[in-house]
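First comes the structure, then the notes that go with it.
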Amino acid sequence: MAKESSNGDQHTITRPPPTPSPLRFSKFFQANLRILVSGGAGFIGSHLVDKLMENEKHEVIVVDNYFTGSKDNLKKWIGHPRFELIRHDVTEPLLVEVDQIYHLACPASPIFYKILLTSTSEVYGDPLEHPQKEEYWGNVNPIGVRSCYDEGKRVAETLMFDYHRQHGIEIRIARIFNTYGPRMNIDDGRVVSNFIAQALRGESLTVQAPGTQTRSFCYVSDMVDGLIRLMEGDHTGPINIGNPGEFTMMELAETVKELIDPTVQVKIVENTPDDPRQRKPNITKAKELLGWEPKITLREGLPLMEDDFRQRLGVPKKQKN
């Protein structure tokens with residue numbers, strides 16, 4: 001069945017995936033899934049592992065080189081009989097037998113496996129369409145200072161679909177929007193972690209000019225739920241996974257300030273080139289195809305992240321008089 005979609009008269013062909021391995025439908029397959037999570041020691045990956053390990057029928061294998069991830073994020077599972085941790089750079093071959101791959105690091109895809117790629121809202125660049133639908137092709141500067149990440153994810157989606165078309169591999173592509181929560185790297189440069197760390201240290205919150213640029217923030221447990229629903233469903237994607245609640249950077253700074261330390265200052269600093277002016281997901285497909293939408297608001301999620309950062313930074317909460 002062929003269908004026309006907007007944005008350049010894109011012509012897409014929808015066809016059923018190839019017949020998977022007979023094991024996919026056996027009672028043994030249904031009872032026990034061996035799941036590989038690449039990048040599973042990282043921020044979103046470790047929360048995904050927590051959720052997958054809740055199912056006593058799952059065996060989970062994490063592959064990570066700890067470039068940005070940490071063993072500490074997985075310490076409660078180390079030694080568990082259904083959990084295995086492999087230190088490995090996924091740019092090098094790794095031979096393992098699994099049923100599902102959550103790819104939060106780099107590609108690998110034998111033919112009978114189902115593989116999910118976590119792509120990003122950055123594929124939309126500085127969008128001229130608002131909010132962004134999956135059919136939008138984006139507005140990306142291919143040679144800008146941010147483009148290595150944007151274009152890297154765009155080509156990753158291309159490669160995934162090429163393998164899907166040429167080899168019939170079952171794929172899933174999630175375009176994830178800004179995600180926050182416990183276990184984020186404290187000094188990773190992302191705006192939520194920046195503001196919380198600065199407020200806890202008593203530093204000025206540095207808002208990049210003009211401060212009216214917008215982002216949408218999804219709490220990590222909602223994100224994990226969306227990824228699992230996409231993996232376990234019948235839809236290839238790409239599908240936007242994010243919270244459509246939209247905030248300016250000044251609004252975010254004021255919220256963090258109110259929550260943590262009303263005495264800290266907010267300081268406007270120079271912006272980075274090609275910083276998107278607005279970002280908000282259209283999640284109609286996620287709602288209709290996955291039955292998913294986020295549950296946790298920004299004001300509910302920020303205190304949970306604050307508690308985690310306080311513990312790691314050693315900053316106790318001030319007692320109220």
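The first residue of the sequence shown is numbered 1, and numbering continues consecutively from there.
Applying salt bridge (charged side-chain N to carboxylate O under 4.0 Å, His left out) to E122 and the options K153, R146, R215 leaves one that passes, R146. Here the rule is side-chain hydrogen bond (donor to acceptor under 3.5 Å, both in side chains) with S119, and of R154, E157, H103 only E157 fits it. When V191, L259, L313, V256 are each tested for a side chain to side chain contact (heavy atoms under 4.5 Å, CB included) with I196, only one passes: V256.
To the nearest 0.5 Å, atom CG of residue L230 and atom CD1 of residue I176 are 11.5 Å apart. The CG atom of D162 sits 10.5 Å away from the CD1 atom of I169 when rounded to the nearest 0.5 Å. L298 CG to C218 SG: the interatomic distance, rounded to the nearest 0.5 Å, is 11.0 Å. Once rounded to the nearest 0.5 Å, the distance linking CD1 of I239 with CG of N282 reads 11.5 Å. Atom NZ in K280 sits 10.5 Å away from atom CZ in F247 (nearest 0.5 Å). Residue E306 holds its CD atom at 10.0 Å from CG of D261, rounded to the nearest 0.5 Å.
No continuous path of hydrophobic side-chain contacts links V155 to V90 [ILVMFWY only; heavy atoms under 4.5 Å]. Residues I115 and V96 fall within the same hydrophobic cluster, defined by Ile, Leu, Val, Met, Phe, Trp and Tyr side chains chained together at heavy-atom separations under 4.5 Å. In terms of hydrophobic clustering, with Ile, Leu, Val, Met, Phe, Trp and Tyr side chains grouped at heavy-atom distances under 4.5 Å, L94 and L117 are assigned to a common cluster. Both I186 and I44 are assigned to one and the same hydrophobic cluster, defined by single-linkage of ILVMFWY side chains at heavy-atom distances under 4.5 Å. Residues V269 and M250 do not share a hydrophobic cluster, defined by chaining ILVMFWY side chains whose heavy atoms lie under 4.5 Å apart.
For K257, the NZ atom counts as densely surrounded, since its 6.0 Å shell holds more than 12 non-hydrogen atoms of other residues, nucleotides or ligands. No more than 12 heavy atoms of other residues, nucleotides or ligands shown are found within 6.0 angstrom of CZ on R277.
Counting only distance, with no hydrogens or angles, the side chain of N185 and the backbone of D187 share no donor-acceptor pair below 3.5 Å. With hydrogens and angles ignored, the 3.5 Å screen pairs a side-chain donor or acceptor of H58 with a backbone N or O of L52. A distance-only check finds no donor-acceptor pair linking the side chain of T214 to the backbone of T248 [under 3.5 Å]. Remark: side-chain polar atoms of R34 are paired, donor with acceptor, to backbone N or O of E97 under 3.5 angstrom. Within the 3.5 Å criterion, the main-chain N or O of A286 finds no donor-acceptor partner in the side chain of H235. Formation of a donor-acceptor pair under 3.5 Å by the N271 side chain with backbone atoms of A209 is found in this model. Using a distance-only test at 3.5 Å, with no hydrogens or angles considered, no donor-acceptor pair links the side chain of Q100 to the main chain of E232. Using a distance-only test at 3.5 Å, with no hydrogens or angles considered, a donor-acceptor pair links the side chain of W292 to the main chain of D222. Here the side chain of Y136 pairs a donor or acceptor atom with the backbone of L128 at under 3.5 angstrom.
Here R183 does not pair with D308 in a salt bridge; the nearest charged N to carboxylate O distance is not below 4.0 Å. Salt-bridge check for D99 with K57: failed, with every basic side-chain N at 4.0 Å or more from each acidic carboxylate O. One finds a salt bridge joining K51 and E54 here, because a Lys/Arg side-chain nitrogen approaches an Asp/Glu carboxylate oxygen to under 4.0 Å. With respect to the salt-bridge test (charged N to carboxylate O, under 4.0 angstrom), the residues K295 and E300 do not qualify.
Across every non-hydrogen atom of A199 and L205, the tightest pair is N-CD2, 3.7 Å. Closest non-hydrogen pair, G242 versus I283, comes out as O-CG2, 3.5 Å. Nearest heavy atom pair, residue M231 against residue R172, reads O-NE, 4.0 Å. In terms of heavy atoms, A197 sits closest to F309 at N-CD2, 4.1 Å. Of all non-hydrogen atoms in I241 and A174, the two that sit nearest each other are CG1-CB, 4.1 Å. Here the closest non-hydrogen pair linking F83 and M53 is CB-CE, 3.9 Å.
Between I171 and Y163, every side-chain heavy-atom pair lies at or beyond the 4.5 Å cut-off. Side-chain contact between S216 and P281 is present, with heavy atoms from C-beta onward closer than 4.5 Å. Within the 4.5 Å cutoff, side-chain heavy atoms of F43 are placed close to those of R190. Contact of the Y102 side chain with the V49 side chain is not registered, since no non-hydrogen atoms from C-beta on lie closer than 4.5 Å. At least one side-chain heavy atom of R175 sits less than 4.5 Å from a side-chain heavy atom of E134. Side chains of N240 and K285 form no contact here, defined as non-hydrogen atoms less than 4.5 Å apart. Put simply, the side chain of V123 does not reach to within 4.5 Å of the side chain of V140, judged on heavy atoms. Two residues are said to be in side-chain contact when any heavy atoms from C-beta on lie closer than 4.5 Å; K317 and D307 meet this criterion.
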task: Go through the steps for V266 and E254 under the test side chain to side chain contact (heavy atoms under 4.5 Å, CB included), then give the verdict.
output: CA-CA 8 Å; V266 176; E254 291 296 336; 3.9 Å; yes
- request: Would you sort out whether R310 and I260 count as a side chain to side chain contact (heavy atoms under 4.5 Å, CB included), showing the intermediate values?
  value: CA-CA 10 Å; R310 281 188 182 278; I260 297 176; 3.9 Å; yes
task: Using the side chain to side chain contact (heavy atoms under 4.5 Å, CB included) rule, take Q213 and R279 through it: C-alpha gap first, then chi angles, then the decisive distance, then the call.
output: CA-CA 8 Å; Q213 63 271 40; R279 187 64 57 73; over 6 Å; no
task: Verify side chain to side chain contact (heavy atoms under 4.5 Å, CB included) between N141 and S147, making sure each step is shown before the conclusion.
output: CA-CA 6 Å; N141 175 2; S147 63; 5.6 Å; no
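Between the side chains of W77 and D50, at least one donor N or O lies within less than 3.5 Å of an accepting N or O. Counting only N and O atoms by type, the side chains of H130 and Q132 include a donor and acceptor under 3.5 Å apart.
Taking the six-membered ring for Trp and thresholds of 30 and 60 degrees, F177 and Y124 have ring planes inclined between 30 and 60 degrees apart.
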